[in-house]
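To keep things clear, I will list the structure first and then write my remarks on it.
Just so we're on the same page: letters track the sequence lines, and every chain starts at 1. Excluded from the calculations below are hydrogen atoms, water molecules and symmetry mates; all remaining heavy atoms, backbone and side chain alike, are included.
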Number of protein chains: 2
Amino acid sequence: MAKRIADSTVRRLSAYLRFLEDFESRGLETISSEELAQRGGTTSAQVRKDLSFFGSFGKRGLGYSVPELAGRLREILGLGKEWKVIIIGAGKIGAALAQYRGFRQRGFLILAAYDANEEKIGRKLEGIPVRDITQLERDVRQDRPDIAVLTVPAEEAQRVLDRVVKTGIKAILNFAPTQLQAPADVTVKTVNMAMELEGLSYALTNRD
Amino acid sequence: MAKRIADSTVRRLSAYLRFLEDFESRGLETISSEELAQRGGTTSAQVRKDLSFFGSFGKRGLGYSVPELAGRLREILGLGKEWKVIIIGAGKIGAALAQYRGFRQRGFLILAAYDANEEKIGRKLEGIPVRDITQLERDVRQDRPDIAVLTVPAEEAQRVLDRVVKTGIKAILNFAPTQLQAPADVTVKTVNMAMELEGLSYALTNRD
DNA sequence: TTTAACTTGTGAATTCGTTCACAAGCCGGG
DNA sequence: CCCGGCTTGTGAACGAATTCACAAGTTAAA
């Protein structure tokens with residue numbers, strides 16, 4: 001890949017793909033950058049610029065072919081293959097994720113959940129086996145998951161992350177409300193609800 | 001408030017507060033911008049700039065008083081008062097949120113959850129009453145919640161949001177993986193897991 | 001074939017956020 | 001009381017992301 005693409009750009013591509021799939025299911029053939037922009041809360045210039053990093057997919061005067069652009073976006077985002085996911089922490093959030101149909105829909109296959117609690121080990125979490133966290137390293141060697149989702153308490157998050165990194169997993173989705181340190185070749189995305197809530201609190205407090 | 005503060009700045013303030021609380025509990029008196037920066041994965045100049053938007057809280061040569069800065073940040077973020085929250089959608093994610101202790105800890109009081117499913121109405125979700133969604137408008141007039149958390153399917157999210165906005169609620173935390181349209185005076189924050197996952201997929205696919 | 005109405009792709013201009021760099025201020029030790 | 005070591009607060013420089021603006025290409029209709 002020639003240029004480094006900003007995180008915000010990738011997020012928008014992801015949003016565009018969602019609208020395209022909606023358009024696709026309604027049988028529409030073409031879409032303009034303006035239509036795409038309105039649905040995504042951005043501008044048509046932004047849409048065109050975002051896409052231009054990866055090539056030129058549109059036809060001047062006409063717009064973009066919906067199926068073609070959707071296909072190209074899936075390719076760019078790496079959604080062509082199946083990604084194997086493990087969930088670490090079989091609590092309430094882990095359970096909510098385990099049943100989330102968005103995973104499977106987009107090609108993310110959840111292999112297993114891990115926990116230290118003996119009462120949970122051996123059971124199923126929304127159909128997904130809960131395994132003993134002590135087996136993590138052995139299982140990873142065998143199953144080769146691509147992504148680990150962390151739903152453990154904040155206090156344990158860094159320790160668990162270090163362990164996960166050591167197994168060679170390069171992508172982590174963290175739900176613990178804490179900043180994590182990881183090597184540069186490991187991508188960590190954090191979903192921090194506490195932060196979002198405080199953002200709302202700030203907005204409510206500082207109105208014009 | 002004189003200047004418009006960037007979203008990214010508010011998120012960092014929220015992160016700083018978390019470290020400060022950690023420092024506070026360990027009985028430390030002062031902290032430098034450098035220490036704060038290291039924990040938050042940013043730079044000391046960034047920390048100082050962020051804080052400078054709101055005044056000057058530090059002592060040159062010494063750093064910041066931990067309790068004082070924590071207090072000022074809570075004030076800035078509007079965490080001094082108790083915010084009343086309702087959850088709309090009593091599914092798995094709603095349940096996970098209902099039991100999330102981070103809410104209460106930071107002064108967010110969950111009043112109730114709402115659902116259309118008769119089997120859920122009247123029961124409790126992690127100790128929180130599940131009410132009939134048809135009563136939403138009446139309840140809001142009475143209870144005056146500040147924040148609504150949306151954990152409904154993507155297809156219904158916009159419709160539910162419109163209804164919530166009409167009741168006068170000005171802050172919404174959305175968990176549906178969809179872009180929502182709201183009036184300018186309503187703040188909507190979306191936690192979009194699908195987007196984060198696709199960000200990981202992109203990162204795994206486009207390595208150097 | 002010509003024209004009018006559209007829409008893309010992209011350099012240039014602009015805006016916004018981050019980093020640099022340093023004067024100003026504080027503290028402790030001699 | 002003065003000096004050396006530290007750390008803040010903040011303009012200025014920089015860099016990144018967004019928006020502007022327009023040439024170039026497409027289509028449809030006359």
Exercise for the section: Specify the separation, in whole Å, of atom CD1 of A:I5 and atom C1' of D:dA17. Expected result: 12 Å
Practice task
Mind calculating the distance between CG (A:L51) and P (D:dT18) to the nearest angstrom?
Solution key: 13 Å
Handout entry: side chain to side chain donor-acceptor pair (under 3.5 Å) pairs, two or more places apart, involving residues 174-184 of chain B
Key = B:N174-B:T190
Exercise for the section: Please report, rounded to the nearest Å, how far the P atom of C:dG25 is from the CZ atom of B:F57. Expected result: 19 Å
Problem - side chain to side chain donor-acceptor pair (under 3.5 Å) partners for A:R12, two or more places apart - result: A:D50
Fill in the blank from the handout: Sequence neighbours excluded, the answer for salt bridge (charged side-chain N to carboxylate O under 4.0 Å, His left out) partners of A:E75 is A:R72
Problem - Whole-Å gap separating P (C:dT7) and OH (A:Y64) - result: 12 Å
Quick one: side chains of residues 165-173 of chain B, donor-acceptor pairs under 3.5 Å with protein atoms, not counting sequence neighbours, listed by atom name and distance.
| residue | atom | partner | partner atom | Å |
| --- | --- | --- | --- | --- |
| B:T167 | OG1 | B:V164 | O | 2.6 |
| B:K170 | NZ | B:D185 | OD2 | 2.8 |

Practice task
For residues 52-68 of chain B, pull every pair meeting side chain to side chain donor-acceptor pair (under 3.5 Å), keeping only residues two or more places apart or in separate chains.
Solution key: none
Side-chain donor/acceptor pairs under 3.5 Å, residues 148-155 of chain B, sequence neighbours excluded:
| residue | atom | partner | partner atom | Å |
| --- | --- | --- | --- | --- |
| B:T151 | OG1 | B:I88 | O | 3.3 |
| B:T151 | OG1 | B:G89 | O | 2.6 |

Practice task
Can you tell me the distance, in whole Å, between the CG atom of A:L69 and the C1' atom of C:dT7?
Solution key: 14 Å
Exercise for the section: Return the set of residues passing side chain to side chain donor-acceptor pair (under 3.5 Å) with A:N117 (not counting sequence neighbours), or none when no residue passes. Expected result: none
Practice task
Starting from C1' on D:dA17, measure out to CG on B:D7 and report it in whole angstrom.
Solution key: 15 Å
Practice task
Look at A:S52 and C:dG9 and indicate whether a side-chain polar atom (N or O) is within less than 4.0 Å of OP1 or OP2.
Solution key: no
Exercise for the section: Please list, by residue number, the residues of residues 16-36 of chain B whose heavy atoms come closer than 4.0 Å to an atom of DNA chain D; answer none if no residue qualifies. Expected result: B:S32, B:S33
N/O donor to acceptor pairs below 3.5 angstrom from side-chain atoms of residues 101-110 of chain A, sequence neighbours left out:
| residue | atom | partner | partner atom | Å |
| --- | --- | --- | --- | --- |
| A:R106 | NE | B:E198 | OE2 | 2.7 |
| A:R106 | NH1 | B:E198 | OE2 | 3.4 |
| A:R106 | NH2 | A:E21 | OE1 | 2.8 |

Practice task
Can you establish whether the number of heavy atoms outside B:E29 located under 6.0 Å from its atom CD is more than 12?
Solution key: no
Handout entry: Residue-level proximity of residues 70-77 of chain A to DNA chain D when a heavy atom falls under 4.0 Å
Key = none
Practice task
Applying side chain to side chain donor-acceptor pair (under 3.5 Å), name anything that partners B:Q38, two or more places apart in sequence or on another chain.
Solution key: B:E34
Exercise for the section: Classify every nucleotide of nucleotides 19-28 of chain D by which part a protein heavy atom approaches to under 4.0 Å, writing B for the base, S for the sugar-phosphate alone and - for neither, in 5'-to-3' order. Expected result: BBB-BBBB--
Handout entry: d(CZ, A:R11; P, D:dT18) in whole Å
Key = 12 Å
Handout entry: Closest-nucleotide 5' rank along DNA chain D - winner of A:R12 and B:G58
Key = B:G58
Problem - N-O pairing of B:K84 and B:D143 below 4.0 Å - result: no
